[in-house]
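First up is the structure itself, then whatever we jot down about it.
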Amino acid sequence: MAYLYPVIIGCIGEARAPSPDEIRRVAKRVQREIYPGQVIDAPLRRHIVRIALAALR
């Protein structure tokens, strides 16, 4: 069985804080899924990073 979000599963399963690289990976995936092909400005990028942090905590 393949997990859709292995980084989230890893952080939750191991009860650890995400690394900066993991946060970037989840943020990029959120961006691809919610805003495919769109140019992202700085405020929206910060919002996406906050979404990633919330998902990983």
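Side-chain contact between Y35 and V30 is absent, with no heavy atoms from C-beta onward closer than 4.5 Å.
A distance of 14.5 Å separates CD1 in I23 from CD1 in I48, rounded to the nearest 0.5 Å. Remark: D41 CG to R46 CZ distance equals 8.0 Å, nearest 0.5 Å. The CD atom of Q38 lies 9.0 Å from the CD atom of Q31; values are rounded to the nearest 0.5 Å.
Minimum interatomic distance between A27 and A52 (heavy atoms only, all atoms of both residues): N-CB, 3.7 Å.
Side chain of E22 to backbone of S19: a donor-acceptor contact under 3.5 angstrom is found.
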